[in-house]
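Quick note: numbers below take in every heavy atom, side chains included, and nothing from hydrogens, waters or symmetry partners. Per chain, numbering begins at 1; letters A, B, ... match sequence-line order. Worth saying up front: this structure is predicted, and the values here are computed from it rather than measured.
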There are 2 protein chains.
Amino acid sequence: MESGSHSSDIVFDVVATSELERAIHDRLADHELRYTSGRRAIVEGLRRADGPITLPELLESSPDLAQSSAYRNLSLLEDAGVVRRLVHGSEHAHFELSESLTEHHHHLICESCGLVRDITLDDTLERTLDRSFDQLAAVEGFRPTHHTVDVYGVCGDCES
Amino acid sequence: MESGSHSSDIVFDVVATSELERAIHDRLADHELRYTSGRRAIVEGLRRADGPITLPELLESSPDLAQSSAYRNLSLLEDAGVVRRLVHGSEHAHFELSESLTEHHHHLICESCGLVRDITLDDTLERTLDRSFDQLAAVEGFRPTHHTVDVYGVCGDCES
DNA sequence: TTGCTTGCAAATGATTTGCACTGCT
DNA sequence: AGCAGTGCAAATCATTTGCAAGCAA
């Protein structure tokens, strides 16, 4: 059960990863940016993370990254539509792969420790929300591009 | 919000204002804070504003406020549950009166100029959302306290 | 008097940027 | 060769804080 036990996961992972890598490579190329090892490390760090993470957390998971380059590349990746920056109350911004590379989702945010976890709403509810937003936006003269739903609370670890 | 005992908007407004003032006074007192003229000016500025505003905007509407005192008092008012701080992508935070002094609502945010406007969802939809959040939060071990729904887009003024 | 408030100036700290160097292509 | 990418150190800028003076109970 040892030598072959993980093979299917790995194959799947490799395929999925290479598709992701190609998509990212193309987006960067569209913006005349190279997909360098430092940028790959950032993407890998975000992909491995269990939800959106801060820059210090990213550096911890990839110690060879220089702080300024990581910040600079996160901004470039954001401009290229590869990364999304989340700004909540906590001191550091959180970063995750763009929804166009993963899937539409929302966030659960711990008000005590700042932890952010992903959640998804069911499609029916999402459609209802979209319809409401379109109507409301029309009344206000807005052209809506996207929406966020954040649920604040206290996570299990912080619940004393 | 309707007592039915007032025949004009002006009278209603005066009464509503004094009720608001008393509620705020009480909350500050609970936190052993005084309701000084500077703090009144902040509350008035927020009340007069057409939605959440930034600190520079607040100072513009009440030029006698000192920047540091305004920041300090906004934080204290936030701690006392009188003010809510909104942190989006824009450079400055936005401030508004707490929902417990007004009513539950959400925001439309212009990605171009940073303008924030209030919107409300209908009660049925809010209840549906709350139910979903409770379920999701339970699965993740979170205890939800509140939620935000932000609709991003481009406002009429910025639509060129 | 006691201690909350205030305004000024200085500090803080996350993020950004200038610049010289490295390394693809 | 030529130009994008990197890392260091320095700069930025919204926000916070120390402190001495003002004011209310």
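Atom CD of Glu91(A) and atom C1' of dC13(D) are 17 Å apart (whole Å). Between Leu65(A) atom CG and dG7(D) atom C1' there is a gap of 12 Å when expressed in whole angstrom units. One interatomic measurement links the two molecules: CG of Leu55(B) to P of dG7(C), which rounds to 13 Å at whole-angstrom precision. Here the P atom of nucleotide dA24(D) and the NE2 atom of His25(B) are 14 Å apart, to the nearest Å. Whole-Å rounding puts the Tyr35(A) OH to dC24(C) P distance at 17 Å. The NE2 atom of His31(B) sits 21 Å away from the P atom of dG3(C) (whole-angstrom rounding). Nucleotide dA14(D) holds its P atom 18 Å from the NE2 atom of His88(B), rounded to whole Å. Rounding to whole angstrom units, NE2 of residue His94(A) and C1' of dA14(C) are separated by 14 Å.
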*Give the intermediate values and the outcome of salt bridge (charged side-chain N to carboxylate O under 4.0 Å, His left out) for residues Arg85(B) and Glu96(B).*
CA-CA 7 Å; Arg85(B) 180 193 308 251; Glu96(B) 66 180 5; over 6 Å; no
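In this structure, Ser75(A) reaches the dT16(C) phosphate: one of its side-chain N or O atoms is under 4.0 Å from OP1 or OP2. Proximity of Thr36(B) to the phosphate of dC23(D): no side-chain N or O atom is located under 4.0 Å from OP1 or OP2. For the pair His92(A) and dT15(C), the criterion of a side-chain N or O lying under 4.0 Å from OP1 or OP2 is met. Contact between the side-chain N/O atoms of Arg39(B) and the OP1/OP2 oxygens of dT6(C) is found at a separation under 4.0 Å.
Note: His146(B) and Tyr152(A) have parallel aromatic rings, judged against thresholds of 30 and 60 degrees for the angle between ring planes.
Residue Leu33(A) is in sugar-phosphate contact alone, with no base atom involved, counting any heavy-atom pair closer than 4.0 Å across all strands shown. Here Gln67(B) lies in heavy-atom contact (under 4.0 Å) with a base. Residue contacts for Ser69(A): at a heavy-atom cut-off of 4.0 Å it reaches a base atom on one of the strands shown.
In this structure, the nucleotide among dT6(C), dC3(D), dT6(D) sitting nearest to the side chain of Asn73(B) is dT6(C). Listed nucleotides: dG7(C), dA4(D), dG7(D). Nearest to the side chain of Ser68(A): dG7(D). Of all nucleotides listed (dA14(D), dC8(C), dC8(D)), dC8(C) comes nearest to the side chain of Ala66(B). Comparing atom distances between the Tyr71(B) side chain and each of dT15(D), dA14(C), dT6(C) picks out dT15(D) as nearest. In the set dT17(C), dG5(D), dG3(C), dT17(C) carries the atom at the smallest distance from any side-chain atom of Arg72(A).
Annotation: side chain of Glu21(A) is in contact with side chain of Val43(A) (closest heavy-atom distance under 4.5 Å).
For the residue pair Thr145(A) and Glu111(B), a side-chain donor N or O sits within less than 3.5 Å of a side-chain acceptor on the partner. A donor and an acceptor atom, one from each side chain of His104(A) and His147(A), are located under 3.5 Å apart.
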